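This is a predicted model, so every value here is computed, not measured.
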Amino acid sequence: MKKRLNDFHNAFLSEIEAALTPEQVRDIEIKYLGKKSDIHLMLKNIGTIENPDEKREMGKIINSTRNEIQKIIEEKREIVEKKSIERKISENHMDWSMPVFSADEGSLHPVTIVQREVESILTGMGFSIVDGPEMETEYYNFEALNIPKFHPARDMQDTFHLVNNMIMRTHTSNCQSRSMEKMKPPLKIIAPGKCFRYEALDASHETAFYQIEGLLVDENINISNLIAVMKILLSEIFRRDVKVRLRPGYFPFVEPGFELDINCLICGGAGCRTCKNSGWLELMPCGMVHPNVLRYGNIDPEKYNGFAFGLGLTRLVMMRYGIADIRLLNGGDLRFLKQFR
Ligand code: FA5
């Protein structure tokens with residue numbers, strides 16, 4: 001049996017030496033250590049040896065040969081696997097030392113960045129976000145906001161009229177009545193979105209721009225509540241002192257109504273084409289909700305009142321980043337947009 005084991009061992013050594021691939025090593029492992037291998041048979045037959053000393057000795061030799069074979073196989077496997085990877089790399093002509101170029105990653109539009117910030121501030125104050133349609137009926141865009149059909153206030157917001165008798169909404173205020181119809185007071189919503197106006201283009205006027213509507217309806221709401229929300233919002237957005245002014249403003253859906261203007265951050269108030277040389281930019285009209293609007297929304301104006309505001313989001317973005325011309329924001333020029341990564 002000793003001779004048989006010796007021949008077996010020598011045959012193994014010459015085969016493993018010649019092996020070049022992991023597959024060949026695996027085949028050799030099956031042949032020399034598998035269930036049908038000679039060494040397995042020899043171990044099985046050990047019981048037939050009668051002399052106990054010889055039996056013990058043979059057992060020891062077979063086991064140590066088996067362990068040695070196993071060890072040689074593991075070492076060889078490591079070597080051929082490494083060589084096989086190296087071969088694959090060189091066959092694919094892959095140069096692992098070449099520098100990696102990152103893919104041209106996209107980025108959020110500056111309007112989206114600031115919109116998310118405003119949303120986060122206002123939801124932190126308990127407002128919830130609602131959505132409204134861009135294609136709207138005249139009813140929700142005007143009538144339900146206390147602007148009847150031939151009211152001159154419609155001229156302030158000319159828009160695009162569609163063949164289906166609907167219009168492109170001129171402001172996010174269309175979400176006011178829509179929200180009141182669906183929710184009961186206390187009501188605290190914001191409605192961000194795109195608005196459209198038939199407008200002469202200039203540095204601060206676009207035909208498509210963004211607003212964020214705010215509406216709060218509850219019992220005993222007053223102007224100081226409105227001013228407090230405006231103050232917190234602006235101080236959080238700009239994180240520095242910015243001059244604002246509140247002046248009377250006319251909107252049929254609020255009474256009293258205000259215009260909140262921001263000192264132009266492009267020229268520092270000295271006057272430029274962005275602020276039309278006035279030093280101020282209209283940013284956030286607001287006011288106390290007109291009782292008629294509450295009635296249109298099926299809310300009792302004897303019991304409830306509230307405030308509303310319409311933040312000019314696109315203009316806020318301009319002030320935030322010092323963008324002098326609003327047209328850059330809709331222009332799709334990647335050289336401009338990439339700066340906001
Ligand atoms: C309105 O749209 C009212 N719905 C706002 C409002 C809501 C008042 C609730 C009272 C209560 P106005 O037309 O002023 O208001 O527009 C609001 C803001 O949108 C402006 O201050 C300005 O920042 C922005 N805006 C208006 N027109 C344009 C435009 N063509 N391009 C860019 N921004 C504009």
Side-chain angles (χ1 to χ4, degrees), residues 108-122 134 156-159 168-175 190-215 226-227 229-247 249-251 254 257-287 308-333 336-337 339-340:
L108 291 178
H109 192 280
V111 170
T112 309
I113 297 172
V114 178
Q115 178 182 327
R116 290 190 182 173
E117 253 177 66
V118 174
E119 285 174 357
S120 143
I121 297 165
L122 287 164
E134 291 174 0
M156 300 195 306
Q157 299 187 2
D158 199 0
T159 185
M168 297 310 288
R169 70 170 169 193
T170 57
H171 50 185
T172 44
S173 299
N174 66 327
C175 295
I190 53 169
K194 208 176 205 177
C195 309
F196 306 83
R197 288 192 198 176
Y198 180 58
E199 194 88 79
L201 295 185
D202 63 26
S204 57
H205 290 83
E206 253 289 6
T207 49
F209 57 97
Y210 287 84
Q211 289 186 345
I212 299 186
E213 193 78 7
L215 174 69
L226 166 64
I227 294 173
V229 171
M230 304 286 105
K231 267 191 172 168
I232 294 172
L233 180 60
L234 290 172
S235 67
E236 296 240 346
I237 290 170
F238 287 102
R239 288 183 216 114
R240 63 181 161 130
D241 264 350
V242 285
K243 262 203 227 157
V244 291
R245 70 178 185 189
L246 202 61
R247 61 190 166 89
Y250 174 67
F251 299 91
V254 284
F258 307 100
E259 284 282 4
L260 189 144
D261 302 336
I262 184 169
N263 199 230
C264 180
L265 298 178
I266 304 293
C267 60
C272 65
R273 68 189 181 112
T274 310
C275 61
K276 291 196 185 136
N277 289 316
S278 70
W280 296 93
L281 206 69
E282 279 178 23
L283 184 68
M284 186 154 52
C286 52
F309 58 87
L311 170 65
L313 178 60
T314 312
R315 287 207 188 146
L316 176 64
V317 174
M318 293 169 72
M319 293 297 103
R320 173 70 183 272
Y321 293 115
I323 300 165
D325 197 315
I326 196 169
R327 286 164 287 198
L328 283 167
L329 289 159
N330 280 358
D333 186 338
F336 168 73
L337 294 171
Q339 298 173 68
F340 300 93

Worksheet item: Should Phe238 and Leu265 be marked as a side chain to side chain contact (heavy atoms under 4.5 Å, CB included) after you check the CA-CA gap, both sets of side-chain angles, and the distance that decides it?
Response: CA-CA 11 Å; Phe238 287 102; Leu265 298 178; 3.6 Å; yes
Practice prompt. Report the C-alpha distance between His171 and Arg197 in whole Å, list the side-chain angles of each, state the deciding distance to 0.1 Å, and finish with yes or no for side chain to side chain contact (heavy atoms under 4.5 Å, CB included).
Written response: CA-CA 9 Å; His171 50 185; Arg197 288 192 198 176; 4.0 Å; yes
Worksheet item: Should Arg315 and Glu206 be marked as a salt bridge (Lys or Arg N to Asp or Glu O under 4.0 Å) after you check the CA-CA gap, both sets of side-chain angles, and the distance that decides it?
Response: CA-CA 10 Å; Arg315 287 207 188 146; Glu206 253 289 6; over 6 Å; no
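Contact between Glu259 and Pro285 at its shortest, heavy atoms only, is OE1-CB, 3.7 Å. Residues Ala200 and His205 approach most closely at O-CB, 3.7 Å, considering heavy atoms. Of all non-hydrogen atoms in Ile326 and Ser204, the two that sit nearest each other are CD1-O, 3.7 Å. Between Arg247 and Arg245, the shortest heavy-atom contact is NE-NH2, 3.8 Å. Here the shortest heavy-atom pairing between Gly279 and Cys275 reads N-SG, 3.2 Å. When all heavy atoms of Phe309 and Val229 are compared, the closest pair comes out as CE2-CG1, 4.4 Å.
Separation of atoms CE (Met319) and CD1 (Ile262) is listed at 7.0 Å; rounding is to 0.5 Å. Rounding to the nearest 0.5 angstrom, the gap separating the CG atom in Leu328 from the CD1 atom in Ile323 is 7.0 Å. Here CG of Leu281 is found 9.0 Å from NZ of Lys276. Values are rounded to the nearest 0.5 Å. To the nearest 0.5 Å, the span separating CD on Gln157 from CZ on Phe251 amounts to 7.5 Å. In this structure, SG on Cys264 lies 9.5 Å from CG on Asn277, to the nearest 0.5 angstrom. Atom CG of Asp202 and atom CZ of Arg273 lie 9.0 Å apart (nearest 0.5 Å).
Using a 4.5 Å heavy-atom cutoff, the side chains of Trp280 and Asn263 are in contact. A 4.5 Å side-chain heavy-atom check between Arg320 and Ile113 finds every atom pair outside the cut-off. Looking at heavy atoms from C-beta onward, Leu337 lies in side-chain contact with Pro110 at the 4.5 angstrom threshold. At a threshold of 4.5 Å between non-hydrogen side-chain atoms, the residues Leu311 and Leu260 do not count as touching. For the pair Leu283 and Leu234, the minimum side-chain heavy-atom distance is below 4.5 Å. Between Gln115 and Val317, every side-chain heavy-atom pair lies at or beyond the 4.5 Å cut-off. Between Val244 and Met230 there is no side-chain heavy-atom pair separated by less than 4.5 Å. You'll find the side chain of Leu316 reaches within 4.5 Å of the side chain of Val118, heavy atoms only.
No donor-acceptor pair closer than 3.5 Å links the side chain of Thr172 to the backbone N or O of Pro192. Checking side-chain atoms of Thr314 against main-chain N and O of Tyr210 turns up a donor-acceptor pair under 3.5 Å. Using a distance-only test at 3.5 Å, with no hydrogens or angles considered, a donor-acceptor pair links the side chain of Thr274 to the main chain of Ala324. Between the side chain of His109 and the backbone N or O of Leu329 there is at least one donor-acceptor pair closer than 3.5 Å. Panel note: side chain Asp158, backbone Glu199; no donor-acceptor pair is recorded below 3.5 Å.
Shown here is Arg116, whose CZ atom has no more than 12 heavy atoms of other residues, nucleotides or ligands within 6.0 Å. Residue Phe258 places its CZ atom among more than 12 non-hydrogen atoms of other residues, nucleotides or ligands, all under 6.0 Å distant. Open room surrounds OH on Tyr198; 12 or fewer heavy atoms of other groups in view lie less than 6.0 Å from it.
Each of Ile227, Asp261, Leu226 was checked for a side chain to side chain contact (heavy atoms under 4.5 Å, CB included) with Leu246, and the lone residue meeting it is Ile227.
A salt bridge does not link Arg169 with Glu213: every distance from a Lys NZ or Arg NE/NH1/NH2 to an Asp or Glu carboxylate oxygen is 4.0 Å or more.
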